[in-house]
Amino acid sequence: MSFPLLTATAVLPAVGAIVTAAVPAARRTAAKWLALVFSLATLVLAAVVVVRFEPGGARYQLTESHAWISDFGVRYELGVDGIGVALLALTALLIPFVILAGWHDADPLEEVNPNRRWRPTQGFFALILMVEAMVILSFEATDVFLFYILFEAMLIPMYFLIGGFGDRAHAGGDEAAATQRSYAAVKFLLYNLVGGLIMLAAVIGLYVVAGSFSLSEIAEARANGSLSIATDTERWLFLGFFFAFAVKAPLWPLHTWLPNAMGEATAPVAVLITAVVDKVGTFAMLRFCLQLFPEASKWATPVILVLALISIVYGALLAVGQRDMKRLIAYASISHFGFIIMGIFAMTGQGQSGATLYMVNHGISTAALMLVAGFLITRRGSRLIADYGGVQKVAPVLAGTFLIGGLATLSLPGLSPFVSEFLVLVGTFSRYPVIGIIATIGIVLAALYVLVLYQRTMTGPVKAEVRTMPDLRVRELVVVTPLIALLLFLGIYPKPLTEIVNPAVEHTLSDVQQTDPKPEVEAAP
């Protein structure tokens with residue numbers, strides 16, 4: 001029996017979470033190092049998955065299949081395609097940086113009795129590792145019921161990370177901060193639970209009509225004609241799945257939980273939300289919505305494209321008007337997720353390749369910008385943009401890395417998000433030119449909110465409160481430098497990603513029986 005590599009990539013951080021949580025309360029530093037070591041070991045396993053994956057090979061590779069709940073046809077089935085491999089690698093890559101960036105975020109403000117059972121620092125890092133395990137396994141699951149369990153279970157550690165370890169830079173004091181954290185955590189949980197409950201009904205309905213939860217079995221039954229789902233039934237099932245994924249993504253008008261959650265969470269947890277967990281929603285649209293319900297996906301495309309377009313413009317407009325730095329980045333992410341969903345449902349090779357690359361590049365760029373913003377907020381003790389000014393004169397490295405993260409967010413040519421956004425727009429324009437043209441408004445607005453943010457915080461007279469602000473420390477440079485290097489490398493040479501992603505996109509397009517539209521060329525006179 002071959003080594004279960006995919007299982008190992010998820011089990012390792014789960015074991016790390018248990019071991020980290022068990023460290024005695026007085027050994028906070030040991031718990032941090034344990035969490036970092038387990039995250040780095042997971043990154044090594046993820047690198048092995050990438051190396052062993054053959055882009056031109058079978059659709060799902062490194063597969064595992066074991067009986068689980070036999071009476072209900074539920075199996076423990078895993079497999080990765082190019083899209084899953086890319087997002088698995090992104091998750092494993094970002095978690096060590098999240099841990100390093102949050103090194104002191106859960107340290108108690110006063111000395112804790114070593115005999116107390118509650119270990120806040122250990123709990124913080126254990127929850128991060130548990131989220132990593134569930135997200136990685138969700139990118140590998142090819143059994144619909146297994147995916148659903150992971151889709152819902154990851155809400156629990158995220159709820160505690162948002163509500164129990166919120167941002168300490170809150171203007172209203174400890175009591176107001178606790179109230180806002182609790183509100184943000186409950187809102188996050190309720191929105192996603194409602195989406196999950198609707199999806200559960202659709203999962204049960206799928207089993208009733210298909211007799212299986214296995215993606216491979218359902219695809220085979222469709223191919224040989226033994227499975228035919230009535231049109232109305234397929235559309236209702238599609239809506240059940242899509243609603244849950246649109247909440248997680250988040251797509252307008254189901255997005256309102258995200259600014260609260262990112263605003264009240266620590267910067268590393270905010271990165272975990274938007275760069276890692278939310279990608280499960282857009283990934284699932286590609287893997288489950290398009291593959292299981294091809295006719296319904298095409299039927300719903302016009303409405304979804306309009307919703308994605310609203311997300312792009314609405315998120316960017318609200319980002320322009322924000323006074324809170326972290327909420328600005330949250331609304332910018334809503335705009336970016338609109339581009340991702342637009343690329344998915346443009347139903348073109350360029351659009352879906354761009355959407356997948358966008359998921360990866362958005363994760364890297366948002367991590368860079370949000371983590372540097374977190375370092376800035378920790379120094380000043382405020383999230384309000386108006387409380388800053390002249391930072392580049394006292395902390396030039398911090399200001400420089402903040403600028404690069406911002407330029408990546410607005411998709412500057414030469415940085416990796418540009419390639420993604422360009423492909424999405426070209427892919428959309430080739431089939432839906434009006435949608436593609438209107439979506440370019442998001443590019444203009446992105447330049448506005450990023451450059452205004454930089455101008456108000458980094459340039460101008462040095463405010464008294466930032467005059468003694470230190471520049472980035474060694475640990476912070478270790479976090480930011482690799483992310484910036486990746487933004488530059490993938491912006492100049494995206495081929496390693498496109499070679500992995502493109503074959504998977506071809507399979508997805510074949511599921512919905514779509515081909516790229518041929519360019520119209522006028523005949524020579």
Side-chain angles (χ1 to χ4, degrees), residues 35-36 39-40 42-44 46-47 50 86-103 105 128 131-132 135 262 265-279 325-326 328-330 332-333 336 340 356-379 395-421 446 450 453-454 458 471-494 496-497:
L36 182 60
S39 68
L40 290 172
T42 304
L43 178 58
V44 171
V50 173
L87 294 175
L88 184 155
L90 171 70
T91 303
L93 174 71
L94 290 181
I95 296 302
F97 298 126
V98 166
I99 290 172
L100 274 174
W103 201 252
D105 285 359
I128 290 174
V131 171
E132 178 183 23
V135 170
M262 288 185 64
T266 64
V269 173
V271 170
L272 199 62
I273 294 169
T274 190
V276 176
V277 173
D278 286 356
K279 298 300 187 300
M325 197 180 307
K326 290 170 69 178
L328 184 152
I329 299 172
S333 290
H336 295 150
I340 294 171
T356 305
L357 293 179
Y358 214 131
M359 291 186 230
V360 176
N361 293 327
H362 171 264
I364 300 170
S365 62
T366 299
L369 182 60
M370 178 61 84
L371 292 179
V372 176
F375 298 149
L376 184 65
I377 291 167
T378 300
R379 285 160 166 73
V397 178
L398 189 155
T401 53
F402 189 83
L403 178 61
I404 295 174
L407 293 176
T409 298
L410 63 83
S411 300
L412 183 76
L415 298 173
S416 58
F418 169 76
V419 180
S420 316
E421 199 163 279
V450 168
L453 171 65
Y454 183 84
M458 302 296 165
D471 213 334
L472 292 182
R473 301 179 177 91
V474 173
R475 172 179 59 86
E476 296 165 337
L477 284 171
V478 170
V479 171
V480 176
T481 304
L483 295 175
I484 291 176
L486 273 173
L487 290 173
L488 291 168
F489 174 76
L490 293 176
I492 298 170
Y493 188 65
L497 264 179

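All values below were derived from every heavy atom in this structure, side-chain atoms included, with hydrogens, water molecules and symmetry-related copies excluded. Counting from 1, the numbers follow the sequence of the chain as shown.
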Trainee: Ignoring hydrogens, what is the shortest heavy-atom contact between Tyr454 and Ala399? Give both atom names and the distance.
Mentor: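 Scanning both residues, the minimum pair turns out to be CE1-O, 3.5 Å.
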Trainee: Please check if the side chain of Thr401 supplies one atom and the backbone of Leu398 the other of a donor-acceptor pair under 3.5 Å.
Mentor: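 Judged by distance alone, yes, a pair lies under 3.5 Å.
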Trainee: Does some side-chain heavy atom of Val271 sit less than 4.5 Å from a side-chain heavy atom of Pro268?
Mentor: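 No, side chains not in contact.
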Trainee: Output the distance between atom CE (Met325) and atom CG (Leu376), rounded to the nearest 0.5 Å.
Mentor: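 Answer rounded to 0.5 Å: 5.0 Å.
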Trainee: Quick one: closest heavy-atom pair of Asp471 and Arg379, and the distance?
Mentor: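 Asp471 and Arg379 have their closest heavy atoms at O-NH2, 2.8 Å.
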Trainee: If you apply the rule side chain to side chain contact (heavy atoms under 4.5 Å, CB included), what do you find for Val480 with Phe375, and how did you get there?
Mentor: CA-CA 10 Å; Val480 176; Phe375 298 149; 3.8 Å; yes
Trainee: Quick one: which of Leu371, Ile99, Val474 gives a side-chain contact (heavy atoms from CB on, under 4.5 Å) with Val479?
Mentor: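 Exactly one candidate clears the test, Leu371.
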Trainee: Measuring from atom CG of Leu490 to atom CD1 of Ile364, what distance do you get when rounded to the nearest 0.5 angstrom?
Mentor: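 Atom-to-atom, Leu490:CG and Ile364:CD1 are 5.5 Å apart.
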Trainee: Please report the interatomic distance CE(Met458) to CG(Leu453), rounded to the nearest 0.5 Å.
Mentor: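 Reported value, rounded in 0.5 Å steps: 7.0 Å.
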Trainee: To the nearest 0.5 Å, how far apart are CG in Leu88 and CD in Glu132?
Mentor: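 With rounding to 0.5 Å, CG (Leu88) is 9.0 Å from CD (Glu132).
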Trainee: I need the Ser365 OG to Leu412 CG distance, nearest 0.5 Å.
Mentor: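 The OG atom of Ser365 sits 12.0 Å away from the CG atom of Leu412.
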Trainee: Go through it in stages, so that I can follow the logic: the residues are Leu90 and Val276, the test is side chain to side chain contact (heavy atoms under 4.5 Å, CB included), and I'd like the CA-CA distance, side-chain angles, deciding distance and then a yes or no.
Mentor: CA-CA 8 Å; Leu90 171 70; Val276 176; 5.9 Å; no
Trainee: Distance from Leu328 atom CG to Met262 atom CE, nearest 0.5 Å?
Mentor: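 Going from the CG atom of Leu328 to the CE atom of Met262 covers 10.0 Å.
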Trainee: Identify the heavy atoms of Gly363 and Leu94 that sit nearest to each other, and give their distance.
Mentor: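 Looking at all heavy atoms of both residues, the closest pair is O-CD1, 3.9 Å.
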Trainee: With distance as the sole test, does Thr409 use its side chain to make a donor-acceptor pair with the main-chain N or O of Gly405 at under 3.5 Å?
Mentor: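 A pair under 3.5 Å: yes.
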Trainee: Before you tell me yes or no, could you show the steps for Val419 and Leu497 under side chain to side chain contact (heavy atoms under 4.5 Å, CB included), namely the whole-Å CA-CA distance, both residues' side-chain angles and the distance that decides it to 0.1 Å?
Mentor: CA-CA 11 Å; Val419 180; Leu497 264 179; over 6 Å; no
Trainee: Between Glu421 and Ser411, what is the shortest heavy-atom contact and its length?
Mentor: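 Distance-wise, the nearest heavy atoms are OE1-OG, 3.1 Å.
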Trainee: Could you check if a side-chain atom of Pro96 sits within less than 4.5 angstrom of a side-chain atom of Thr42, using non-hydrogen atoms only?
Mentor: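 No, their side chains stay 4.5 Å or more apart.
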Trainee: Can you give me the closest heavy-atom contact between Pro413 and Phe418, atom names plus distance?
Mentor: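 In this case the closest contact between Pro413 and Phe418 is CA-CG, 3.6 Å.
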Trainee: For the residue pair Ser420 and Asn361, what are the closest heavy atoms and their distance?
Mentor: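 So the minimum-distance heavy-atom pair works out to OG-ND2, 2.6 Å.
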Trainee: For a side chain to side chain contact (heavy atoms under 4.5 Å, CB included) check, start with the C-alpha distance between Leu486 and Leu93, then their side-chain angles and the critical distance, and finish with the verdict.
Mentor: CA-CA 11 Å; Leu486 273 173; Leu93 174 71; 3.3 Å; yes
Trainee: Between His362 and His336, what is the ring plane arrangement, given parallel below 30°, perpendicular above 60°, and tilted in between?
Mentor: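 Plane angle over 60°, so perpendicular.
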